[in-house]
Amino acid sequence: MARTVRSACLVLVALVAISCNENTKKKGTLCTGDDECMGALCLSGSCVALTACSTQSECGDGICAGGYCFQEGCSETADCAYGTCHNGYCVRESLLVDASNGSEDATLEDALADSSPPEDTSPPDDVLDAQVEGDGFLLFDIEWTKLVPCEEDVVIPTNSRALQQMVSVSWDPVKRAYESAAACKWECLASYCSVDGSCVDSKTLPCDTNNQSPLNAINKLLDVVVQCLPDGSFSKPDLCEWSCKPSFCREGDSCLADKLVPCDTGSQPLHAVSQLIDVVVACLGDGSFENPRPCEWSCDNGYVRDVTGNLCELAKRNCFEILQLVPNAPDGIYFIDPDGTGPELPRAAWCEMLAGGVTVEYGIGAFDGRGPRYYGWGLIGATHFLNPLNQLPFIALYNANLGALNLEPGFAPQSCCFRNDAVPQSALGLTFGGESVMSTDNQSLVCQAALDPQFLRFGLSTSGLQYPLLPDFFVNHPPAVATGCTENGNPAFFWRRLGVSSCADLQLNGFPSGAYRIRDAGEPNGERVVYCDMLGSEQVEFGVGAGEGSYANWSVVALTEWLLPTLQQAFIGYYNARGGILNLEPGLGARATCCLRTSIGPLAFGSDWVAPYTTSGTYCNGSVSTPFTDSVVQLGLRDTTHLAPPVADDFFASHPPNGLVSCGAGLYYSIFVRRTPF
């Protein structure tokens, strides 16, 4: 007898056990019944060990039938080693049950009475049949399932929605009831991602350490927020931030111990220009860089530093002008611009304010017989530097100018030692502390090389560059003289005092004969150029005027005077210092005779007679006569040689004064001289 029963899965249930004989066999051996297999089942004539089960879930990938798990897979086209293929598994061909249980009237309904589902349940259409086969034994091969709504009594998280769905439930023959429905599923709303049973739009993760931090940097290991993406995943965490190690500062994407920055222009005063250079600033402990140092600056053309050195004021040409503005100004360093807006740069000078505003400067020049070329400058040596009154101005002035003024740029010394101011025949050298003195280019000692910078420093033969000079320099390096220097070609120290009251003041300070500027309130600039004859104790000046004129305290230079070396030296020094000779009568009209004459006849230098020129180069040539309106007149020879300064020191050696040329009669010009004893 057979009956078709609908179910989602087939469960083979054995209703009775199979009897066996008394002689049991081990599993794996041939058998005719289960009792021969010592606890195993006898399948297709062999003992097979199977796992006991009561529910389908206990068999994993197998099928529970007759209280045992059958796990050997099969298909419709492949035979089973034992049994028949049922729902993809090999199941015992028959689990025989004594349907009658001692009664021949037993039916299938009786066998199913304790395991069938409620009457109102309709098994699925595709369930296999339950069959009863021969001799009253029943093959029971059924499992019941049904589709029901999911369990809605479940808490769903915030920012999510429940999914309405049907789920399959199975009949539990032991509990004689269907199993409970699975909980309804849910999904996160848009822009929310599922994390541990919650729906969130963002979460916190460690930052990504795969960043490219620079040298001398460390990562900041911080948590960062990642956002939920539309596909339900999260964005990648941001790269970790980094910071520089101690003693390093961040500059863009680098960590630096120091860097180059422009100097600070904040301290630049009005009427000044900064020297814009890059300077090094170090990283401070707080991660910032130190402030750049102030730029060096210089005053604009026509301006100089004031007495404080911190401001720029209209340039004063000398200390006397400064004293007029600051009557109680003390002695010390001041900045002057001797030629105003001319080519000379402003520079520091020592001002003797207590002496009436005398300007003192020191320079380095050549000693090779050309000393008088530096008109107004006197050669100095050990004796000068032994005087304490001269040491302080020299040190202060030298340090203020970063060296001494170079009186002759491009001069190339023939010797490596500085010349002392002794008489030339002695050929004595100047020493400081027993060391010979050498010139430098502000970086290294220079010997027999051109001296180009505006200011030069000096060094000692063993200790090298001397800057800045310390206040005790002369104490530790006492000035002295030594033999061994060549006669000429040596560098030497010179000095000058401008704005002195007379040649006598210069003579007292040991200055040699030469052209100097002395104070004269009647002159437009408050000074005038004179030649100081220190041996004759005379102040000498030269002028040009009408030969027949009479000028108080002036006399025409006689021919015999032109032959005197002292007068020749005075004339060259005065002429070069003034840029010509003084015009004693500005606006003087044309003369009938254009040559210069002496008291006894025409004046000639060499074979040419001498005629006056204007500073523009025009002169009286006998047919054209131009009035002299300039305050200074220059000279020229008849061959039109214009005697523009400087006149060479050996001019009179190649152009000896004489009166051998002829010159017309009538009105003429002459050179006058004025001598003032001191």
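These numbers come from the heavy atoms of this one structure, side chains and all, not from hydrogens, waters or symmetry mates.
- Remark: the backbone N or O of Cys416 is not paired with any side-chain donor or acceptor of Asn490 at under 3.5 angstrom.
- Remark: Arg305 is positioned above the aromatic ring of Trp297, its terminal NZ or CZ atom under 6.0 angstrom from the ring centre and at most 45 degrees off the axis.
- Separating the CZ atom in Arg347 from the CG atom in Asn401 is a distance of 8.0 Å, to the nearest 0.5 Å.
- Counting all heavy atoms, side chain and backbone alike, Arg519 lies closest to Gly499 at NH2-O, 2.5 Å.
- A donor-acceptor contact shorter than 3.5 Å is absent between the side chain of Glu352 and the backbone of Asp331.
- Between Phe474 and Phe385, the distance from one ring center to the other falls under 6.0 angstrom.
- For Phe605 and Trp562, the gap between ring centers is short of 6.0 Å.
- Side-chain atoms of Glu527 do not come within 3.5 Å of backbone N or O of Glu523 as any donor-acceptor pair.
- Scanning both residues, Gly429 and Cys485, for their nearest heavy atoms gives CA-SG, 3.4 Å.
- Side-chain contact between Leu563 and Phe652 is absent, with no heavy atoms from C-beta onward closer than 4.5 Å.
- Across every non-hydrogen atom of Ile380 and Tyr362, the tightest pair is CD1-CE2, 3.6 Å.
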- Message: Set out, in order, the CA-CA distance, both residues' side-chain angles and the distance that settles side chain to side chain contact (heavy atoms under 4.5 Å, CB included) for Leu635 and Val647, then state yes or no.
- Response: CA-CA 11 Å; Leu635 301 181; Val647 177; over 6 Å; no
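- In this structure, the separation between CD1 on Ile518 and CG on Leu506 is 8.5 Å, given to the nearest 0.5 Å.
- Looking only at distances, no side-chain donor or acceptor of Thr598 sits under 3.5 Å from a matching main-chain atom of Ala558.
- For the pair Pro491 and Phe411, the minimum side-chain heavy-atom distance is below 4.5 Å.
- By the ring-ring contact (aromatic ring centres under 6.0 Å, His included) test, Tyr574 pairs with Phe542, sequence neighbours left out.
- Atoms OH and NZ, from Tyr303 and Lys316 in turn, are 9.5 Å apart once rounded to the nearest 0.5 Å.
- In this structure, Ser267 OG and Arg293 CZ are separated by 11.5 Å, a value rounded to the nearest 0.5 Å.
- Looking at Asn406, its side chain does come within 3.5 Å of a backbone N or O of Pro453 through a donor-acceptor pair.
- Residues Leu276 and Cys295 meet the side-chain proximity criterion, which asks for heavy atoms closer than 4.5 Å.
- The heavy-atom pair separating Pro612 from Tyr669 by the smallest distance is CG-CD1, 3.7 Å.
- Residue Cys503 comes nearest to Val530 through the heavy atom pair SG-CG2, 3.8 Å, listed as atom of the first residue, atom of the second, then distance.
- In this structure, Tyr551 and Arg674 have side chains that are not in contact, with every pair of non-hydrogen atoms separated by 4.5 Å or more.
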- Message: Show, in sequence, the C-alpha distance, side-chain angles and deciding distance for Arg675 and Asp533, and conclude whether the salt bridge (Lys or Arg N to Asp or Glu O under 4.0 Å) test is met.
- Response: CA-CA 10 Å; Arg675 294 183 176 90; Asp533 181 359; over 6 Å; no
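- Between the side chain of Gln507 and the backbone N or O of Met534 there is at least one donor-acceptor pair closer than 3.5 Å.
- The backbone N or O of Gln466 lies less than 3.5 Å from no partner atom in the side chain of Arg457, so there is not a single donor-acceptor pair.
- A 4.5 Å side-chain heavy-atom check between Ile364 and Phe418 finds at least one atom pair inside the cut-off.
- Checked by atom type and distance alone, the side chain of Glu321 pairs as donor or acceptor with a backbone atom of Arg317 at under 3.5 Å.
- Rounding to the nearest 0.5 Å places OH of Tyr374 at 13.0 Å from CZ of Arg496.
- Annotation: side chain of Val446 is not in contact with side chain of Met438 (no heavy-atom distance under 4.5 Å).
- Between Pro479 and Phe432 there is a side-chain heavy-atom pair separated by less than 4.5 Å.
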- Item | Test side chain to side chain contact (heavy atoms under 4.5 Å, CB included) applied to Leu405 and Trp377, step by step | CA-CA 12 Å; Leu405 183 65; Trp377 294 83; 4.1 Å; yes
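- Checked against the 6.0 Å centroid criterion, the rings of Phe511 and Trp495 qualify as a close aromatic pair.
- Residues Ile322 and Met353 form a side-chain contact, since some pair of their non-hydrogen atoms from C-beta on lies under 4.5 Å apart.
- Judged by distance alone, with hydrogens and angles left aside, the side-chain atoms of Gln448 form a donor-acceptor pair with the main-chain N or O of Gln414 at under 3.5 Å.
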- Item | Test log, rule side chain to side chain contact (heavy atoms under 4.5 Å, CB included), inputs Ile277 and Glu296 | CA-CA 9 Å; Ile277 59 173; Glu296 297 292 334; 5.5 Å; no
- List the steps and the verdict of side chain to side chain contact (heavy atoms under 4.5 Å, CB included) for Arg517 and Thr359. CA-CA 10 Å; Arg517 290 182 176 87; Thr359 304; over 6 Å; no
